[in-house]
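Protein chains get the first letters and strands the later ones, always in sequence-line order, with residue 1 at the start of each.
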Amino acid sequence: MSDQQINITLPDGSVRSYEKGVSGLQIALSISEGLARNVLAAKVNGEVWDANRPIHEDATVQLLTWNDKDGKSTFWHSSAHLMAEALEALYPGVKLGIGPSIETGFYYDVDFGDREFDGAELEKIEAKMAELAKQKNEYIRKDISKTDAVAYFTEKGDEYKLDLLERLEDGNITFYEQGNFVDLCRGPHIPNTGFIKAVKLLNIAGAYWRGDEKNKMLTRIYGVTFPKAKELAEYLHMLEEAKRRDHRKLGRELELFTFSEKVGMGLPLWLPKGTLLRERLVNFMKRAQDKSGYQQVVTPHIGHKALYETSGHYEKYGKDSFQPIATPNEGEEFLLKPMNCPHHCEIYKHKPRSYKDLPIRYAEFGTVYRYEQSGELHGLTRVRGFTQDDAHIFCRPEQVKEEFIKVIDLVLYVFRALGFEDYTAQISLRDPEKAEKYIGSDDAWNKAESAIIEAAAEKGLDTVTELGEAAFYGPKLDFMVKDALGRKWQLGTIQVDYQLPDRFELEYIGSDNQKHRPVMIHRAPFGSLERFVAVLIEHCAGNFPLWLSPEQMTILPISEKFTEYAEQVKSILEDHDIMGAIDNRDEKIGRKIRDAEVKKIPFMLIVGEKEMAEGKLSVRKHGEGDLGSFTPEEFATYFKGIISESLAQ
RNA sequence: GCCGACGUAGCUCAGGGGUAGAGUACUUCCUUGGUAAGGAAGGGGUCACGGGUUCAAAUCCCGUCGUUGGCUCCA
């Protein structure tokens with residue numbers, strides 16, 4: 001083989017020989033024209049490159065299309081450049097900050113100077129982007145010296161790019177050019193703007209330069225683009241659907257919860273139906289925990305300041321918490337409890353423990369209060385008072401992994417019962433560069449981190465690892481579920497903790513008759529009930545699984561002549577623990593059905609002359625329609641069957 | 001907390017310096033109806049709150065509170 005040839009290894013393991021300087025695009029072309037038309041970028045030895053950038057050495061190459069995550073992000077990054085080009089064309093003199101791709105779409109931070117920019121202008125920019133995209137301008141990569149780069153942006157008067165340049169090293173700087181637009185950019189980019197077929201600018205928001213509130217606020221324009229118009233339509237439909245499922249809207253409509261200015265922001269008020277839903281979740285969790293060897297405990301809503309000084313929470317969060325409440329005479333200080341664990345440590349300590357007692361698992365649906373910045377509050381997902389399905393497992397060091405695995409099993413059972421099929425586990429480790437953020441010894445951290453990693457591997461979890469996401473006292477495993485619309489939510493969490501046992505001087509007597517220190521595992525499968533209910537509402541669009549539904553059925557008499565029979569049916573069903581109201585209003589059956597459908601009540605039981613004569617009821621299922629007639633007992637059996645199926649282990 | 005938008009009946013929203021509106025929900029009456037809205041009448045609002053401008057403010061201005069989209073934060 002001549003030295004003008006290089007070997008390219010493709011993802012399927014095949015090796016092909018190409019001329020030196022071949023590009024990803026040319027490789028694609030050699031495979032099929034269709035592939036070449038769809039190639040957005042190429043992953044060369046694990047690094048994402050422009051599809052048309054020449055490859056000079058043997059390499060492993062993966063061609064990236066819209067179906068690859070990296071392909072999408074390249075596409076959106078290039079779209080940000082396209083938007084910047086449109087902005088410069090429409091608003092000469094605008095200054096540009098940064099314009100990255102994000103999980104869905106992209107944004108660009110823009111300084112419009114004195115110009116007032118309002119959202120209505122987004123359509124104008126969209127149109128300009130579409131026009132520029134049609135020109136199929138190539139994205140051209142250029143190496144440039146730092147001096148020339150600085151000269152260019154000095155001339156242009158763009159202080160933000162100059163600020164960025166300050167932190168870059170000479171010899172490492174590239175510009176990308178497309179059409180009339182040049183940007184400082186590491187790349188990579190898609191071959192040309194023609195790939196961008198559908199553009200939607202979604203909203204604008206303020207954002208500080210470099211995220212620092214001391215800096216100037218720029219206008220951030222969010223957008224999303226697609227290679228096909230149809231995909232944009234689907235995306236917009238998804239947004240509509242998300243709006244329709246918004247738990248704040250459904251929570252109000254289904255009368256689950258409310259807020260009151262007078263009670264205070266971020267402090268949810270649970271209405272009777274929401275409370276019923278919550279209680280069902282709590283009972284479900286209690287049953288599951290009882291089976292797994294947990295014991296329920298109850299602790300107060302406040303605790304002495306010293307308790308949190310011991311735990312380390314006061315030092316870490318004291319300033320950013322609700323401030324202590326003082327007693328009028330003694331001047332003692334108490335904090336609203338932000339965590340249940342210190343209380344549980346004191347329960348552990350109330351008597352000497354033997355190694356034979358461990359593990360001890362204390363569970364509490366503990367309501368905690370945390371000060372959240374006013375701008376952070378959002379429906380039930382971010383509140384100032386919430387209830388955790390909290391538990392703390394105190395165990396011997398050698399039991400950590402086994403206990404951890406048991407917790408994973410419990411979490412997965414819970415997800416399954418609630419219809420969350422799609423989840424990943426995020427392992428959050430400490431950021432080794434920021435040791436000051438964490439308490440505890442390296443040794444303890446290493447042990448905790450490896451326990452989590454091993455347990456996750458043993459359960460075959462699909463994991464991602466994030467550095468710097470750990471809690472200050474220990475690493476954690478968080479479960480991220482995907483809801484019915486593909487949105488990711490963080491729910492359950494499991495954390496290994498070697499610090500609190502030290503701080504609280506927890507002990508047990510080992511088989512060697514010596515004192516030993518237990519290890520704690522914090523865990524909350526739901527996380528917070530508030531947040532969990534919010535996610536559940538959006539996941540099922542308010543159509544709760546039957547076993548959770550706050551109103552499982554309603555009895556609809558055809559006319560008031562059948563009220564008495566309806567009462568009889570109700571009482572029979574009550575004996576089977578099937579609860580619901582009779583809709584006795586002076587309305588026609590069509591109206592009663594409509595109202596029950598709107599309220600998303602799972603079953604409508606219609607009783608009229610025919611049913612009364614036969615001792616039956618006509619069953620109509622929400623969203624599905626008439627199921628035919630059942631005796632009350634037959635219905636109860638059918639009803640219970642549905643529930644036990646969804647709760648099967 | 002910071003920046004922007006918003007705040008009118010329980011809910012969804014119209015109005016925009018000169019007597020407060022609609023749909024829906026609610027109440028009463030008529031109707032006793034068979035699988036997604038029967039008819040009529042009626043009650044309900046300090047137009048978030050506090051100041052200011054004006055002969056006159058729901059409307060314009062300022063402030064506060066709240067909601068909301070972001071930013072920063074999240075034990």
Side-chain angles (χ1 to χ4, degrees), chain A residues 107 109 116-119 202-222 246 248-249 252-253 255 258-266 308 311-318 320-321 337-342 368-379 381-384 386 388 390 437 439 469-474 476 490 493 495 497 499-500 522 524 527-528 531 556-563 585-599 604-611 618-628:
Chain A
Y107 66 80
D109 284 345
E116 293 272 324
F117 182 80
D118 85 83
L202 297 161
N203 52 9
I204 55 175
Y208 299 106
W209 173 237
R210 291 190 172 281
D212 185 339
E213 62 183 75
K214 288 188 216 66
N215 290 337
K216 182 164 182 188
M217 166 101 34
L218 308 179
T219 305
R220 176 167 296 181
I221 305 179
Y222 286 90
D246 190 317
R248 294 169 298 185
K249 176 172 137 66
R252 188 169 49 235
E253 288 172 0
E255 300 188 337
T258 188
F259 289 88
S260 144
E261 285 187 24
K262 238 178 194 154
V263 171
M265 55 162 78
Y308 302 101
S311 72
H313 291 106
Y314 188 74
E315 191 199 341
K316 188 83 184 166
Y317 293 101
D320 300 318
S321 295
K337 88 173 158 185
M339 294 283 284
N340 301 300
C341 34
V368 297
Y369 300 89
R370 297 178 184 175
Y371 169 78
E372 303 284 357
Q373 299 184 69
S374 56
E376 293 309 326
L377 301 172
H378 179 92
T381 59
R382 197 77 187 274
V383 289
R384 285 179 169 172
F386 58 96
Q388 297 177 309
D390 207 2
K437 272 175 67 179
I439 59 172
E469 292 292 309
F472 73 95
Y473 52 75
K476 55 184 182 173
Q490 191 210 305
T493 179
Q495 311 175 1
D497 183 357
Q499 327 299 341
L500 274 192
H522 310 241
S528 103
R531 191 182 161 78
L556 311 180
I558 294 289
S559 82
E560 64 189 31
K561 282 188 278 188
F562 310 104
T563 310
R585 290 175 309 161
D586 186 8
E587 293 291 351
K588 293 211 225 175
I589 194 67
R591 179 49 179 266
K592 294 183 183 182
I593 287 171
R594 182 188 144 78
D595 290 346
E597 289 282 355
V598 168
K599 282 156 82 181
M604 288 151 271
L605 309 177
I606 295 156
V607 291
E609 189 154 10
K610 196 176 65 173
E611 289 77 9
S618 285
V619 177
R620 182 186 163 105
K621 195 172 184 185
H622 168 73
E624 290 181 26
D626 196 357
L627 298 187

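A/Glu609 comes within 4.0 angstrom of a nucleotide base, judged by non-hydrogen atoms across all strands. Base engagement by A/Gly608 is indicated by at least one non-hydrogen atom pair under 4.0 Å involving a base atom. A/Ile589 comes within 4.0 angstrom of sugar-phosphate atoms only, judged by non-hydrogen atoms across all strands, and of no base. Across all strands, A/Lys592 comes closer than 4.0 Å to no nucleic acid atom at all (heavy-atom distances).
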Tell me, for nucleotides 68-75 of chain B in 5' to 3' order, what letter each nucleotide earns: B for a base near a protein heavy atom under 4.0 Å, S for only sugar-phosphate near one, - for neither? SSBBBBBB
Per-nt protein contacts along nucleotides 40-47 of chain B (heavy atom under 4.0 Å; B base, S backbone sugar-phosphate only, - none) come out as --------
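Of the nucleotides present, none pairs with B/G45 by Watson-Crick or G-U wobble criteria with both distances under 3.5 Å. Across all strands shown, B/G33 forms no Watson-Crick or G-U wobble pair with both key distances under 3.5 Å. Across all strands shown, B/U59 forms no Watson-Crick or G-U wobble pair with both key distances under 3.5 Å. Under the Watson-Crick or G-U wobble criterion, with both distances below 3.5 Å, B/G4 is paired with B/U68. Searching all strands for a Watson-Crick or G-U wobble partner of B/A9 with both distances below 3.5 Å returns nothing.
Residues satisfying the side-chain hydrogen bond (donor to acceptor under 3.5 Å, both in side chains) test with A/Arg384, not counting sequence neighbours, are none.
Within the 4.5 Å cutoff, side-chain heavy atoms of A/Pro338 are placed close to those of A/Tyr308. Using a 4.5 Å cut-off on side-chain heavy atoms (C-beta onward), A/His622 and A/Lys599 make no contact. The shortest distance between side-chain heavy atoms of A/Leu500 and A/His522 falls below 4.5 Å. Counting heavy atoms from C-beta outward, A/Phe386 and A/Val368 have side chains that approach closer than 4.5 Å. Here the side chains of A/Tyr473 and A/Gln495 are in contact, with some heavy-atom distance below 4.5 Å. A 4.5 Å side-chain heavy-atom check between A/Cys341 and A/His313 finds at least one atom pair inside the cut-off.
Evaluation of atom-type donor-acceptor distances gives a pair under 3.5 Å for the side chain of A/Glu611 against the base of B/G34.
Remark: P of B/C11 and CG of A/Asp595 are 18 Å apart, rounded to the nearest angstrom. At whole-Å resolution of the value, CD in A/Glu587 and C1' in B/C26 are 12 Å apart. Straight-line distance from the NZ atom of A/Lys262 to the P atom of B/A48: 16 Å, rounded to whole Å. One interatomic measurement links the two molecules: CD of A/Glu560 to C1' of B/C29, which rounds to 13 Å at whole-angstrom precision. In this structure, A/Ile221 atom CD1 and B/C3 atom C1' are separated by 15 Å, rounded to whole Å. Rounded to whole angstrom, the span from the CD atom of A/Glu261 across to the P atom of B/G10 amounts to 14 Å.
No more than 12 heavy atoms of other residues, nucleotides or ligands sit less than 6.0 Å from atom CD of A/Glu609.
On the P atoms, B/U46 is 28 Å away from B/A5, given to the nearest whole Å. Of the C1' atoms belonging to B/G21 and B/U54, the separation is 25 Å, rounded to the nearest Å. Rounded to the nearest Å, the gap between the C1' atom of B/U12 and that of B/C55 is 37 Å. The separation of B/C11 from B/G18, taken at their P atoms, amounts to 26 Å, rounded to a whole angstrom. Using atom P as the reference point in both B/U27 and B/G43, the two lie 16 Å apart (nearest Å). Taking the P atom of each, B/A48 and B/G66 are spaced 16 Å apart, rounded to whole Å. The same atom, C1', is picked in B/A58 and in B/C13; the two are 15 Å apart, to the nearest Å. Taking the C1' atoms as reference points, B/U72 lies 16 Å from B/G4, given to the whole Å.
Residue A/Arg591 places at least one side-chain N or O closer than 4.0 Å to OP1 or OP2 of B/G38.
When distances run from any side-chain atom of A/Ser618 to the nucleotides B/U32, B/G34, B/A25, the shortest one goes to B/G34. Taking every side-chain heavy atom of A/Met265 into account, B/G66 is the closest of B/U32, B/G66, B/A36.
Scanning both residues, A/Gly266 and A/Phe259, for their nearest heavy atoms gives C-CE2, 4.1 Å. For A/Asp595 against A/Arg585, the heavy-atom pair with the smallest separation is OD2-NH2, 2.8 Å.
Between the side chain of A/Glu315 and the backbone N or O of A/Gly312 there is no donor-acceptor pair closer than 3.5 Å.
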